[in-house]
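Worth knowing before you read on, the calculation uses all heavy atoms, side chains too, and leaves out hydrogens, waters and symmetry mates. Chain letters run A, B, ... following the sequence lines, proteins first and then strands; every chain starts at 1. Everything numeric here is computed off the predicted structure, so don't read it as measured data.
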There are 2 protein chains.
Amino acid sequence: MELSNKTEIIGSMLLKENIKPSYARIRIMEYLLSRKSHPTVDEIYTALVKEIPTLSKTTVYNTLNLFVKSNIARVITIEENETRYDADMSCHGHFKCESCKAIRDFSFKCAAIDTSDLDGFLIREKNVYYYGLCPECLASESQD
Amino acid sequence: MELSNKTEIIGSMLLKENIKPSYARIRIMEYLLSRKSHPTVDEIYTALVKEIPTLSKTTVYNTLNLFVKSNIARVITIEENETRYDADMSCHGHFKCESCKAIRDFSFKCAAIDTSDLDGFLIREKNVYYYGLCPECLASESQD
DNA sequence: CATATAAACTGTATTGGTTACAATTCTATT
DNA sequence: AATAGAATTGTAACCAATACAGTTTATATG
């Protein structure tokens with residue numbers, strides 16, 4: 001069956017990182033994986049509290065911090081006031097449309113960035129953020 | 001003389017953006033340009049209030065927001081809790097050492113990032129953040 | 001099965017960076 | 001000198017994030 005299968009996959013993913021796969025943790029990771037929108041703590045909490053009435057916002061914070069420390073999620077600081085989270089750990093960039101505020105992924109070749117300036121540095125993580133206008137907002141702006 | 005020359009250069013830079021070159025604004029921009037450390041609001045305020053006793057933290061916030069809006073400074077969201085500012089508008093990345101917390105610039109070829117995923121998008125700004133360990137911290141860690 | 005121990009979760013209080021806003025001071029023009 | 005407009009100031013408020021202590025849940029052991 002679909003649900004238990006997904007639960008098992010996420011559960012074993014968490015166990016691999018020595019994280020006890022509690023219900024809240026599984027649901028939070030499932031939510032993260034199912035959204036490419038890189039949700040905020042508030043979005044995650046608001047969505048999940050409908051199905052998990054006892055859920056606390058602190059638990060969402062604790063869980064996400066745990067995921068980040070275990071390298072199965074990462075922080076997206078593309079916005080100045082609010083932190084977003086992403087469970088896609090592959091190399092990709094984030095584009096934020098300054099008009100509609102939507103954030104979308106884009107791929108690029110990580111190795112293509114020449115970092116000879118950082119010879120001798122250990123690079124653990126790369127975050128690439130682009131800002132501008134998406135095609136939809138570009139079109140609607142040119143109509144004004 | 002040195003100071004008035006610098007003041008004039010920064011003053012004309014501000015005028016070009018239709019920003020009245022007040023004393024506070026000139027000093028804040030001068031501080032930004034002289035530091036490669038990408039200071040926080042608190043650092044700027046603490047440093048300048050010694051010489052400008054009437055300076056208010058709100059003025060630092062207002063001024064930096066004005067600079068960012070006018071595209072003569074940019075926001076660095078390399079840290080989760082605090083915003084940093086950079087007056088170097090050329091294409092470069094920022095590396096943060098997770099051990100000593102130092103932030104340093106590195107250069108890379110902006111055009112080298114293939115963004116075919118973003119065809120049709122208007123890209124206004126690019127921020128590249130790397131995290132890891134600097135050579136000094138790497139050396140001291142391996143001694144443990 | 002019951003009990004003990006640790007881990008996970010919860011709710012509230014607190015912190016700290018940032019903004020809102022009204023009052024004050026400064027600047028420029030007549 | 002007087003006035004208008006802009007810049008600056010200081011306080012209050014906002015809100016994302018964390019600290020913390022109490023509660024619940026899960027696991028292990030007898």
Side-chain angles (χ1 to χ4, degrees), chain A residues 7 10-11 14-15 17-31 38-70 72-86 101 103, chain B residues 7 10-11 14-15 17-31 38-70 72-86 101 103:
Chain A
T7 299
I10 294 174
L14 298 181
L15 280 173
E17 304 294 332
N18 293 316
I19 297 172
K20 198 180 292 182
S22 71
Y23 185 65
R25 288 168 174 173
I26 288 176
R27 297 304 307 277
I28 290 169
M29 176 53 81
E30 181 192 339
Y31 189 84
H38 320 304
T40 64
V41 165
D42 199 66
E43 284 167 13
I44 297 170
Y45 172 77
T46 303
L48 291 184
V49 78
K50 292 171 189 164
E51 303 165 40
I52 318 170
T54 63
L55 185 67
S56 155
K57 214 175 230 184
T58 301
T59 298
V60 181
Y61 276 105
N62 290 340
T63 303
L64 290 169
N65 286 338
L66 181 65
F67 288 172
V68 170
K69 218 183 303 175
S70 303
I72 54 175
R74 61 165 150 168
V75 168
I76 308 287
T77 57
I78 200 167
E79 313 208 64
E80 285 169 51
N81 57 330
E82 220 171 350
T83 302
R84 293 183 172 275
Y85 293 87
D86 190 357
K101 315 296 180 195
I103 296 170
Chain B
T7 300
I10 294 175
L14 298 181
L15 279 173
E17 304 296 330
N18 291 317
I19 297 171
K20 197 182 291 185
S22 72
Y23 185 65
R25 287 168 175 173
I26 288 175
R27 296 305 305 277
I28 290 171
M29 176 53 81
E30 181 192 340
Y31 189 85
H38 319 306
T40 64
V41 165
D42 199 65
E43 284 165 14
I44 298 170
Y45 172 76
T46 303
L48 292 185
V49 78
K50 293 169 189 164
E51 304 166 40
I52 317 170
T54 63
L55 185 67
S56 156
K57 215 174 231 185
T58 302
T59 297
V60 181
Y61 276 105
N62 290 340
T63 302
L64 290 170
N65 285 339
L66 181 65
F67 287 171
V68 170
K69 220 182 304 175
S70 303
I72 54 175
R74 61 166 151 166
V75 168
I76 308 287
T77 57
I78 201 166
E79 313 208 64
E80 285 170 49
N81 58 330
E82 220 170 351
T83 302
R84 293 184 172 274
Y85 293 87
D86 191 357
K101 315 296 180 195
I103 296 170

> If the cut-off is 4.0 Å, is A/Ser22 near the phosphate of D/dT25, judged by side-chain N/O to OP1 or OP2?
no
> The criterion is side-chain contact (heavy atoms from CB on, under 4.5 Å); which residues satisfy it with A/Glu80, sequence neighbours excluded?
B/Val75, B/Thr77
> Determine whether a donor-acceptor pair (N or O, by modelled atom type, separation under 3.5 Å) exists between the side chain of A/Arg25 and the backbone of A/Lys20.
yes
> Are the side chain of A/Arg84 and the backbone of A/His38 linked by a donor-acceptor contact shorter than 3.5 Å?
yes
> Starting at CD of B/Glu79 and ending at C1' of C/dT18, how long is that distance when rounded to a whole Å?
16 Å
> Under 4.5 Å between any side-chain heavy atoms of B/Thr83 and B/Val41, yes or no?
no
> Determine whether A/Phe67 and A/Leu14 make a side-chain contact, defined as any pair of heavy atoms from C-beta on separated by less than 4.5 Å.
yes
> Write down the distance between CZ (B/Arg84) and C1' (C/dT18), rounded to a whole number of angstrom.
16 Å
> Between atom CG in A/Leu15 and atom P in D/dA26, what is the gap in whole Å?
15 Å
> Which parts of residues 54-69 of chain A get close to DNA chain D, meaning a heavy atom less than 4.0 angstrom away?
A/Thr58, A/Tyr61, A/Asn65
> With sequence neighbours left out, write down each residue that passes side-chain contact (heavy atoms from CB on, under 4.5 Å) with B/Thr59, or none if nothing qualifies.
B/Ala24, B/Leu55, B/Ser56, B/Thr63
> Would you name the heavy atoms of B/Ile19 and B/Ser70 that are closest together and state the gap between them?
CD1-OG, 3.5 Å
> Would you kindly give the CD1-to-C1' distance between A/Ile19 and D/dA26, to the nearest whole Å?
17 Å
> In chain order, what residues pass the side-chain contact (heavy atoms from CB on, under 4.5 Å) check against B/Thr46, with sequence neighbours excluded?
B/Asp42
> When you look at A/Thr54 and A/Ile52, which way does the side chain to side chain contact (heavy atoms under 4.5 Å, CB included) test go after all the steps?
CA-CA 6 Å; A/Thr54 63; A/Ile52 318 170; 4.1 Å; yes
> How many Å lie between CD on A/Glu82 and C1' on D/dC14, as a whole number?
13 Å
> Nearest whole Å is fine: how far is D/dT25 P from A/Ile52 CD1?
14 Å
> Between A/Leu15 and A/Pro21, is there a side-chain heavy-atom distance shorter than 4.5 Å?
yes
> For nucleotides 24-30 of chain C, which of its nitrogen or oxygen atoms have a protein nitrogen or oxygen under 3.5 Å away, and what is each distance?
none

> What integer distance in Å separates A/Tyr45:OH from C/dG11:C1'?
10 Å
> Atom pairs, N/O to N/O, protein against nucleotides 22-24 of chain D, distance under 3.5 Å?
none

> Testing the basics here: between A/Met29 and A/Ile10, what is the closest heavy-atom pair and its distance to 0.1 Å?
CG-CG2, 3.7 Å
> Please report, rounded to the nearest Å, how far the P atom of D/dA7 is from the CG atom of B/Asn18.
11 Å
